[in-house]
Amino acid sequence: MKEQLRQAIKTALQQCYDNGSLSSGEIPQEIQLEVPKNPDHGDFASNLAMTMAKAERKAPRQIATALVAALQDNPLCAEIEIAGPGFINFRLAPSCWYGVLDQVMRDGDQYGRSQVGSGTSIQVEFVSANPTGPLHIGHGRGAVVGDAVAAVLQAAGFEVQREYYVNDAGNQVKTLGRSILMRLRELQGETIEFPEDGYQAEYVRELAAKLRREKGELHDLSEEAAIELCARFGVAEVLDWIATDLKAFGIHFDNWYSEKSLYDRHLVDAELVKLKEKGLSFEQDDALWLRTTEYGDDKDRVLIKSDGSYTYFASDVAYHMEKFERGFDRVIDVWGADHHGYIPRMKAMLAGLGHPPEDLEVLLIQMVNLLRDGQPVIMGKRSGNFITLREVIDEVGSDACRFFFLMRRCDSQLDFDLELAKQQSTDNPVYYVQYAHARVCSINRNASAAGIPRPQTETVDFSRLELAEELALVRQLARFEELIVGAALNYEPHRVVFYLQDLAAQFHSYYNRQRVLVDDPATTQARLYLVNCVRIVLANALRLLGVSAPEQM
RNA sequence: GCGCCAGUAGCUCAGUUGGAUAGAGCAACGGACUUCUAAUCCGUAGGCCGAGGGUUCGAAUCCUUCCUGGCGCGCCA
C-alpha cells in the first residue's frame, strides 16, 4: 500500500519536472511516508516538500502545491491536503484498503513475511550458558529475545541459523568436575573439604548421586582422571537439563557448537598463528597478548596465560572467525549486559583479522529483577538458593513468561513479577491479546452453528466495511509487514508485542461497539471476513513471539 | 577515575530512526452485561520528556556539559 503510494509520488514528481512546476530535477531515493499519529492527518503523511525545500529553493508549501496538482487525478488517493509547515496528507480510497484483506486471507500464515533480507544469512547465537548449572531467569530473557529476533529476521526473509555455543572446555568445567567428585566422596562417607570456588548448589549432589549409580565409585581412578570423568558426566547431564528446559520454553537450536571441538580440531592454535603472522599478537610477561588497543580497545588482552593455558577470549577469537568461515554474512551474539565490556575486544579482533566489525552485532540483555507481589526475590548463586528458569516456566507458564520477557526493549532492565505474570486477569497483557484471538474463534463457532457460510473472497461485498473503525483495523493489518521489517532490521522484537496490544485493543473496542453477526447477510459476511483477517494477523504475530494463539479461553 | 545502558504521567513502559496537540497499561474516579466470551468496552483526571546549553523551518529523539540509578573495568568465565 505504502509502496504504491510512493511510486505514485515519484511519478508525480517527474511530471512536475517535465511541466516545469518544479526545477531541481532530482528525485530523492527515499521518500518518507509515515502513518500519522493523528487520524485527522490522513492515512499517510509525507514531509517531502519540506526536505526538498533547500534544493528547490522554494517554500515547502509551494512545492507541496505543485505536487498535489500532479497527484490530483490518481485513483489511489481519495483526498490530499497540505497542512502545517508543508506536510502532505494522503487519504486513500477505501477500495485500496480492501485489497489488504484479500491479501491477508490469501497469504494466511505467511502474511507479513517479506523478502527484504533475501540473500543474506545471519547466525543468531544465544543462551550459550555454561553447562555447569541449570538455566536461571536471566538466561530465560536472553533465550526468548534471541529466539524472537531470529524469528523476526526469518519473517523478513533472512536466512537464519540459531546456535548455542557450549563452553565445554576450560576452567569452569573442571570446577564442576571437582565439585561433583567431592560430593561423590561425601556420599561415600568421606569427610571432605569442599573447594572454595566450587559449585555449592544442591544439584551438584544430585549429579554425584546419579554418577554413583551409573559409574560406580571411581576408586580405581587417579584424582586427575576422576575429575575428568566427573566433568564429562556433569556437562552431559547439565546440557541435557538445559535442552529439556529450552524445549519446554519452545526454543529449538539448529546447532549446538562445542568449544572443546575448536581445540580438538586445533582451530584455536590456527587462529593464533594468523594473528601472529599479522603482527597483532606479542609476548610479554610469559603470556601471549592480542594488541586490541590498535583497534579501539582500552587495553590489550591476554590470549595465552603465563601458565600456558588459554583464555576464554582465545577460543572466542577462533569461534567467531570460524563463524564467518561458515559463510554467514552477519553474526549476532546475545549476551547478558554484564558482559558489555567484551564488545570492544571482539570488534577489535575482527577488525584486526580483516572483517568489518559491523558484521558482528552484540545484543545486550539487561538484568531481570525477579519479584513476587512487588517484593524482590533474593537470589544468591553462591548459596545455591536461586530460582531456575524451569521453576518460573512451571509456575507462570511458557506463554506468559515469553510475553513478559519481550514486553520491554532488551536494553532496559525488566521487573518480572511472578504473581502478576501468573494472574489470569485484566492486569495480564498476555491474556488480553490471546483473548482477542479466542473471541474471533468464538464468533466463527457461533457463525457455523447458525449455518452462516464462511465468507469467500469472490463474493464478499467489502463496501459494507465503511465504519471508520473498520478501516482503521484494515490499516493496522496493512502495517504488519513493515512492522516486522522494522523489528528485524533493528533487532527489536518488542515492537511485535506493542503491535499486538494495539491490534487487540482495536479489535476489542470494535467488538464491543459492533456486532459481527447481524441480520443483514452481506454485512455479516464482510465483517466475518474482516475479523478473520484480524485473527490471522494476531496468530502470525504471536507465532513470531513463540506464544500460543488459543481458540478458546 | 574511565566505559556501556537507562532517566518520559503516582507506578511499569512505548514513542514509526528529526515531524503536526508527547501515548498505552496499571493504580484513582465515574459509567456499560435480557445482544457473537465482561479475561472486554466507554469516559474523567494525571506531564518542565532528569537539568542547562547548542544544532534547524521543527528536538523526548542529534551534539555538549552536568545530576541520578544499574552494570562493567582480571593472565575469571
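Every chain is numbered from 1 and lettered A, B, ... according to where its sequence line falls, protein lines coming before strand lines. The basis for the numbers below is simple: all heavy atoms, side chains too, and nothing from hydrogens, waters or symmetry mates. Values in this document were obtained by computation on a predicted structure and should not be read as measured data.
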Return no unless some side-chain N or O of [X] is found under 4.0 Å from OP1 or OP2 of [N].
| X | N | value |
| --- | --- | --- |
| A:Thr175 | B:C76 | no |
| A:Tyr510 | B:C42 | no |
| A:His339 | B:C73 | no |
| A:Lys37 | B:A20 | yes |
| A:Arg439 | B:A38 | yes |
| A:Ser412 | B:C13 | no |
| A:Arg513 | B:A32 | no |
| A:Lys305 | B:C76 | yes |
| A:Lys299 | B:G3 | no |

May I have the list of side-chain donor-acceptor pairs in residues 501-508 of chain A shorter than 3.5 Å, sequence neighbours left out?
from: A:His508; atom 1: ND1; to: A:Arg439; atom 2: NH1; distance (Å): 3.0
from: A:His508; atom 1: NE2; to: A:Tyr432; atom 2: O; distance (Å): 3.1

Taking the inter-plane angle between the rings of A:Phe404 and A:Phe416 on a 0 to 90° scale, is it parallel (under 30°), tilted (30 to 60°) or perpendicular (over 60°)?
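Taking A:Phe416 first and then A:Phe404, their aromatic rings stand perpendicular (interplane angle over 60°).
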For A:Tyr319 and A:Tyr165, take the angle between the two ring planes, folded into 0 to 90°, and tell me which bin it lands in: parallel under 30, tilted 30 to 60, perpendicular over 60.
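Rings of A:Tyr319 and A:Tyr165: parallel, as their planes differ by under 30°.
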Quick check, does A:Phe87 stack with B:A20? I mean ring centres under 5.5 Å and planes off by under 30°.
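The ring of A:Phe87 is stacked on B:A20.
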How long is the line joining [atom1] of [X] and [atom2] of [N], in whole Å?
| X | N | atom1 | atom2 | value |
| --- | --- | --- | --- | --- |
| A:Asn171 | B:C75 | CG | C1' | 12 Å |
| A:Phe403 | B:C13 | CZ | P | 16 Å |
| A:Glu492 | B:A14 | CD | C1' | 11 Å |
| A:Ile88 | B:G19 | CD1 | P | 17 Å |
| A:Tyr511 | B:A39 | OH | P | 10 Å |
| A:Leu363 | B:C71 | CG | P | 21 Å |

Is [X] touching bases, backbone alone, or none of the nucleic acid, heavy atoms closer than 4.0 Å?
| X | answer |
| --- | --- |
| A:Met367 | sugar-phosphate |
| A:Gln514 | base |
| A:Gln32 | nothing |
| A:Ala436 | nothing |
| A:Ser306 | base |
| A:Asn89 | base |
| A:Arg409 | sugar-phosphate |
| A:Ala83 | base |
| A:His340 | base |
| A:Asn167 | nothing |
| A:Arg515 | base |

Distance between the P atoms of B:A14 and B:A6, in whole angstroms?
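Straight-line distance between the two P atoms is 10 Å.
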Shortest non-hydrogen separation from A:Lys260 to A:Asp168 and the atoms involved
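That closest heavy-atom pairing would be N-OD1, 2.6 Å.
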If we call it a pair only when both distances are under 3.5 Å in a Watson-Crick or G-U wobble match, what pairs with [N]?
| N | result |
| --- | --- |
| B:C66 | B:G50 |
| B:C73 | B:G1 |
| B:C41 | B:G31 |

Does A:Glu81 come within less than 4.0 Å of A:Arg91, counting only side-chain N to carboxylate O?
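Salt bridge absent between A:Glu81 and A:Arg91.
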With syn defined as a glycosidic torsion within 90 degrees of 0 and anti otherwise, which applies to B:C33?
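Glycosidic conformation of B:C33: syn.
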Report yes or no: do A:Glu259 and A:Ser315 form a side-chain donor-acceptor pair below 3.5 Å?
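Side chains of A:Glu259 and A:Ser315: pair found under 3.5 Å.
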The side chain of A:Asn47 is closest to which nucleotide in this list: B:U12, B:A20, B:G19?
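In terms of side-chain proximity for A:Asn47, the closest of B:U12, B:A20, B:G19 is B:G19.
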